[in-house]
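Basis for what follows: all heavy atoms, side chains included, without hydrogens, waters or symmetry-related copies. For ligands, and for the atoms within them, numbers begin at 1 and follow the listed sequence.
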Amino acid sequence: MSAADRAYDVLHARTHGRVERALPIGPMTSYGLGGPASVFFEPATPEDLPALSAAVAASELPLLMLGRGSNLLVSDRGFDGIAVRLGAGFRWTRVEGSAIAAGAAVPLPTLAVLSGRHALTGIEFAIAIPASVGGAVRMNAGAHGHEVGEALASVEVFRLEAAEAETIPAARLGFSYRSSDLPRDAIVTGAHFALAAGDDASIQERLREAREWRRANQPLNLPNAGSVFTNPPGDAAGRIIERVCGKGMSVGGARISEVHANFIVAAPDASADDVYTLIRRIQRRVKEEAGVELVLEVRLVGQFEEVPDGAAAR
Ligand SMILES: Cc1cc2nc3c(=O)[nH]c(=O)nc-3n(C[C@H](O)[C@H](O)[C@H](O)COP(=O)(O)OP(=O)(O)OC[C@H]3O[C@@H](n4cnc5c(N)ncnc54)[C@H](O)[C@@H]3O)c2cc1C
């Protein structure tokens with residue numbers, strides 16, 4: 001019996017969630033690229049999570065948490081492990097005075113709209129970040145000078161190794177630019193946001209401005225995963241890439257966006273390897289010509305291969 005069979009059997013026997021073998025997970029990401037996961041699991045509720053600990057222990061397969069897939073590039077060869085996307089039991093919100101609690105599968109923009117409806121301020125910047133609450137906590141997503149970590153009071157997690165739930169105060173999560181010290185085996189199941197009562201008209205104005213800014217400054221018509229690289233200290237990755245590589249540099253169906261040089265957009269014929277190859281070529285040129293090591297913000301899932309030069313010109 002293969003490791004994937006063992007994981008599948010445990011999850012199938014012990015949970016109420018959706019369990020699949022060899023399910024394409026590329027379509028669950030904003031790029032829409034990439035192959036299948038050996039095992040796909042969608043826990044219906046938190047009660048399904050202890051079985052996931054058992055499945056990981058029984059199979060020793062790696063685990064990938066999928067939020068809304070807006071920061072992931074999945075390999076064309078897929079992911080040899082268990083991909084987990086939280087199900088309906090993780091899509092809830094609760095307004096408690098000036099705080100909002102939300103399940104980890106709730107889209108961040110939904111939360112921003114909800115806060116606006118209750119005249120609560122502190123999360124308006126998130127209105128156009130296409131994240132889930134879980135992915136936004138892991139990445140400390142941010143925009144317009146604010147980050148998710150600033151608005152958080154605490155995070156509910158399920159620890160895979162101990163197979164138990166835990167509440168972690170935000171102060172212990174070590175949030176920094178696009179990063180957190182969330183333990184590696186922690187699955188975010190929910191989060192508590194500490195907001196403040198605000199002026200309704202000003203909140204609506206900030207929400208409108210944040211939406212407008214997106215439309216004007218980011219490519220919205222071709223699949224992408226947001227900023228590919230983090231900004232180096234004191235500079236902007238997009239500015240450096242534009243100077244060194246120019247906008248429009250491409251590999252196969254992947255190319256640097258004309259709208260924002262830190263975005264790589266994927267045409268319908270793009271492969272994940274095209275995007276990967278373009279990433280590596282940008283990194284090499286920027287290192288050679290500007291002396292800057294660009295660090296990936298997008299997370300790579302699975303094994304990639306660079307497309308040879310000739311093959312890329314199709
Ligand atoms: C058009 C566009 C615009 C964007 N703009 C911004 C922006 O302004 N600011 C910004 O910060 N980002 C931006 N992004 C990137 C992306 O939205 C963020 O990185 C976001 O936090 C990813 O959330 P997600 O739910 O899609 O997570 P995914 O991409 O699915 O996963 C990201 C990481 O989080 C982990 N993860 C996901 N869910 C959980 C969970 N429940 N528990 C533990 N770990 C989990 C994953 O394993 C992975 O390591 C943009 C992306 C796009 C496509």
Side-chain angles (χ1 to χ4, degrees), residues 25-26 28-34 37 41-43 46 49 52 62-74 79 81-87 89-91 102-112 124-150 155-160 166 168 173 175-191 210-211 213-215 217-231 238 257 259-260 262-266 275 296-301:
I25 55 170
M28 299 177 195
T29 69
S30 55
Y31 263 129
L33 301 173
F41 176 47
E42 193 167 85
L49 293 176
L52 181 58
L63 183 129
L64 167 71
M65 282 308 298
L66 278 168
R68 297 181 81 208
S70 62
N71 199 48
L72 299 176
L73 177 64
V74 176
F79 171 65
I82 308 171
V84 178
R85 187 176 65 177
L86 301 175
F90 300 85
R91 278 194 289 273
V106 171
L108 212 52
T110 303
L111 209 66
E124 298 94 314
F125 69 89
I127 185 72
I129 303 179
S132 65
V133 165
V137 170
R138 167 70 74 188
M139 297 299 303
N140 191 18
H144 310 290
H146 296 283
E147 298 173 333
V148 160
E150 293 166 20
V155 173
E156 307 284 341
V157 300
F158 178 81
R159 300 294 297 270
L160 268 179
E166 189 183 332
I168 308 183
L173 283 172
F175 288 111
S176 55
Y177 172 55
R178 298 301 171 268
S179 166
S180 67
D181 292 343
L182 192 70
R184 285 178 60 84
D185 74 325
I187 294 176
V188 178
T189 55
R211 283 199 192 96
W213 185 89
R214 289 286 150 166
R215 274 193 281 273
N217 293 290
Q218 292 188 353
L220 300 176
N221 57 347
L222 278 175
N224 65 76
S227 295
V228 176
F229 304 102
T230 55
N231 288 323
S257 163
V259 183
H260 190 316
N262 196 19
F263 279 52
I264 292 179
V265 293
V275 178
L296 268 183
E297 178 170 329
V298 166
R299 304 218 164 175
L300 302 178
V301 177

- Query: What pairs with Arg215 under salt bridge (Lys or Arg N to Asp or Glu O under 4.0 Å), at least two apart in sequence or on another chain?
  - Reply: Glu212
- Message: Quick check against the 3.5 Å criterion: does Asn140 have a side-chain atom that pairs as donor or acceptor with the backbone of Gly149?
- Response: yes
- Who are the salt bridge (Lys or Arg N to Asp or Glu O under 4.0 Å) partners of Arg85, not counting sequence neighbours? Glu42
- Item | Which residues share a salt bridge (Lys or Arg N to Asp or Glu O under 4.0 Å) with Glu150, sequence neighbours left out | none
- Item | Atom-level proximity to ligand 1, residues with heavy atom under 4.0 Å | Ser30, Met65, Leu66, Gly67, Arg68, Gly69, Ser70, Asn71, Leu72, Leu86, Ile129, Pro130, Ala131, Ser132, Gly134, Gly135, Ala136, Arg138, Met139, Ala141, Gly142, Ala143, Arg178, Ala186, Ile187, Val188, Arg214, Gln218, Asn224, Ala225, Gly226, Arg299
- Message: I'd like to know if the side chain of Arg68 reaches the main chain of Pro107, judged simply by a donor and an acceptor atom lying under 3.5 Å from each other, with no hydrogens or angles considered.
- Response: no
- Polar side-chain atom of Asn71 near backbone of Met139 as donor-acceptor pair, under 3.5 Å: no
